[in-house]
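Just below is one structure, and these are the notes that go with it.
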Amino acid sequence: MASASLSTARQQHHEIAQQLHHHNFCYHALDRPEISDAEYDQLLQKLLSLEEQFPELATADSPSQRVGSQPLEGFTPAIHARPMLSLENAFDAENLKEFDTRTKRFLSRSEDLQYLCEPKLDGVAVALTYQQGKLVRGATRGDGTTGEDITQNVRTIGAIPLQLQDDYPEQLEVRGEIYMELEAFQVLNRQRREEGEATFANPRNLTAGSLRQLDSKLTATRPLTISCYGIGISSEATPKTHKDSLESLQRWGLKVNLDMVQEASNMDDVIARYVELQEMRETLPYEIDGMVVKVNDSNLQQELGEKSRTPRWAIAAKFPARQEQTLLESVQLQVGRTGAVTPVAKLQPVNVSGVMVSSASLHNWDEINRLDIRIGDTVVIERAGDVIPNIVRVVAEKRTGKEQPIPEPNHCPICHSPVHREEGEVIPRCQGVNCPAKLKESLKHFCSRGAMDIEGLGDRLIDQLLRLKLVNSLADIYHLTREDFFQFDRMGDKLADNLLQAISSSKQRPLENFIFALGIRHVGKHLAKVLSRQFGNLEALATATSDQLLALHEVGPQVSESLIHFFGDTNNQSLLKKLNQEGINPTSDEQVIGDRLQGQVFVFTGSLEQFSRKEGEALVEVQGGRASGSVSKKTDYVVAGPGAGSKLAKAEQLGVVILSENDFLQLINSE
Ligand code: IVH
């Protein structure tokens, strides 16, 4: 029976995997999802639980590989079967015209050439190798001849199909750019800023950093995506035009930025598009640093060939960097809710391609020292994807000798408690337990959307609450009265009522919001949801051991330590007690003790010998599964003891996985 159940499991695994591949394609490549995220998660859970039972099903092309795998010792070199070339640059319309003339001369043609214009995404170039439609390798460009094998990391990127579809060539190597959308980048940087982590200068650095991780589970948490722009190698004939190649790539399931690709029938059209794209640059959801112009006809591409490092059939028309020079007038120290003291450069206001800029990120003191930035310096600033621009360098020629260094602080600028920089950290933290700056940031976070979501209680009111000393801890929000609010500027009856109502209804927020609202270091919205589902109430989470925490896929040593530290702190304990006394005691409906059988439906049949039916059902439920009395299409497993009859027959007919009692116990007890 073991092999029979393996073969049904294999069949079921295959079907679920196909469905996941399909939904992945709809979501990422077409941007047209057919099912909700929750439904997708459910399918994935089903697949994971099959693989848990039959580890041999967890093949490299299984959608389960998206979550990351064992950390690597180091990256191995990846030799490119065809070199990954770079592109020559054009910086203006004149350069583009020269390219057009050059190209026609080389081809001995006088008539117009048809070009394809593509946005030049600013990310990391990769080559993806598919054999028989399966992704077998992902490699960085490196020096063009040899890159690094980043297959494990590439597999975690949802937009990269693990399995191609339709009429794909047996052997295919695809080239594309991995990047991160601006919004995701900004959210990540903001979160890191709040938590006092090193921020990234631009989405490209963050992408490169994420792909360079030896632990692919970390890469899996970074919302990377890809845009494919060419076929490197194919076992089939090259499509007639470059546009056809791009369309084929999309048909095979790869993500191509087709909406943004434009055909041009001559160089004037190319130049018009160059101007247009530069205008669009500010509104696109990702960073582009130019436009790539390619000769569309594949035969002509072939005829043009390549020079030592660049093809003759393409050129990158670059956009000007969004940089300006200005004066660094002063440095402001900000204190985040975790006590992180971060330096912010205050600048003489300057217009950087349409946006007025008066402050810039200095990131941290390692960065300040590396760039040798001083107050009074003229600096080059750049807008590069973040809301806050970066300082790129100091204009040393403009130094007068009067510039002042920016010392790392010993004391918190707000509460004057000592600050401490832990080993391996880039930012010092205020150690003051009652630091008002920490309280202010914690309050803002607590009331924000996705947290306790207290509408109306924004920055301005929080500032007043603190100034009037009406609130000394998060729990004090729940003691506020109408009279308190009337001490505020411009407060009317209606607004006061609305605020009181919003505060009161925030007590009913789901557990995941509450966990997130606490502002525990490294616990973002997603993790709060995972913890809520896993532990079901705050008490269980607060008393969880590090082993219990580390058993969760999403939790690594850093997160576990942060949680244990948070809940072990006596101040936090008394805060939680106070909040509890205010009636905030959310539980998760989805509470499970384990999640191994998340969403799985079990039916027990036959005369069970090793446990009673009730015991079996309880074992399923504590692991997030469900027990049912009858077999249907929705049943995932049938546990059959001796003498099982019609239910077993029906299960076989429907292709449901059948387990013996021993199989079941093994599944329950497996790690
Ligand atoms: S074609 C042989 N198309 O720009 C030509 N490159 O030096 C190969 N890039 O790092 C490049 N968007 O990864 C091409 N639509 C696009 C691109 C693009 C971004 C990157 C590429 C490489 C650099 C070119």
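Computed from a prediction, not measured in an experiment: that's the story for all the values here. In each ligand, atom 1 is the first atom listed, and ligand 1 is the first ligand listed. Residues take their numbers from the sequence shown, with the count starting at 1.
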*With atom 19 (C) of ligand 1 as the reference point, say which of I288, V256, L121, I315 has the nearest heavy atom.*
L121

*asked:* Tell me whether K243 is salt-bridged to E247, with the criterion being a basic N under 4.0 Å from an acidic carboxylate O.
replied: yes

*Of all residues at least two apart in sequence or in a different chain, which pass the side chain to side chain contact (heavy atoms under 4.5 Å, CB included) check with L48?*
L44, Q45, S64

*Best match, K120, R309, E177: closest heavy atom to atom 4 (O) of ligand 1*: K120

*Carboxylate-amine/guanidinium contact R399 D377, below 4.0 Å*: yes

*asked:* If we only consider heavy atoms of P119, is any one of them less than 4.0 Å away from an atom in ligand 1?
replied: yes

*Please answer whether the main-chain N or O of L371 pairs with a side-chain N or O of R393 as donor and acceptor at a distance below 3.5 Å.*
no

*State which residues pass side chain to side chain contact (heavy atoms under 4.5 Å, CB included) with T156; sequence neighbours excluded, sorted by chain then number.*
S216, T219, A220

*Are the side chain of T140 and the backbone N or O of E148 linked by a donor-acceptor pair below 3.5 Å?*
yes

*Are any of the heavy atoms in A316 under 4.0 Å away from ligand 1?*
no

*Identify the closest protein heavy atom to atom 11 (C) of ligand 1: which residue and atom is it, and at what distance?*
Y229 CE1, 3.7 Å

*Contacting atoms of ligand 1, where contact means under 4.0 angstrom from a heavy atom of A125*: 10 (O), 13 (O)

*Could K104 and D112 be called an ion pair, given the rule that one side-chain N must be under 4.0 Å from one carboxylate O?*
yes

*Salt-bridge contact E88-R309 (side-chain N to carboxylate O under 4.0 Å)*: no

*To which protein heavy atom is atom 3 (N) of ligand 1 closest, and what is the distance rounded to 0.1 Å?*
K294 NZ, 3.0 Å

*Within a distance under 4.0 Å of any heavy atom of E118, pick out the atoms of ligand 1 and give their elements.*
3 (N), 15 (N), 16 (C)

*asked:* Heavy atoms only, cut-off 4.0 Å: how does L87 contact ligand 1, side chain, backbone, both, or neither?
replied: both

*asked:* Assess whether a salt bridge exists between R322 and D289, defined as any Lys/Arg side-chain N lying under 4.0 Å from an Asp/Glu carboxylate O.
replied: no

_P311 N/O to ligand 1 N/O under 3.5 Å_ = no

*For R175 and ligand 1, answer yes if some heavy atom of the residue is under 4.0 Å from a ligand atom, otherwise no.*
no

_Looking only at distances, can you tell me whether any N or O atom of R141, backbone or side chain, sits closer than 3.5 Å to an N or O atom of ligand 1?_
no

*asked:* Under a 4.0 angstrom heavy-atom cut-off, which atoms of ligand 1 come close to S86?
replied: 7 (O)

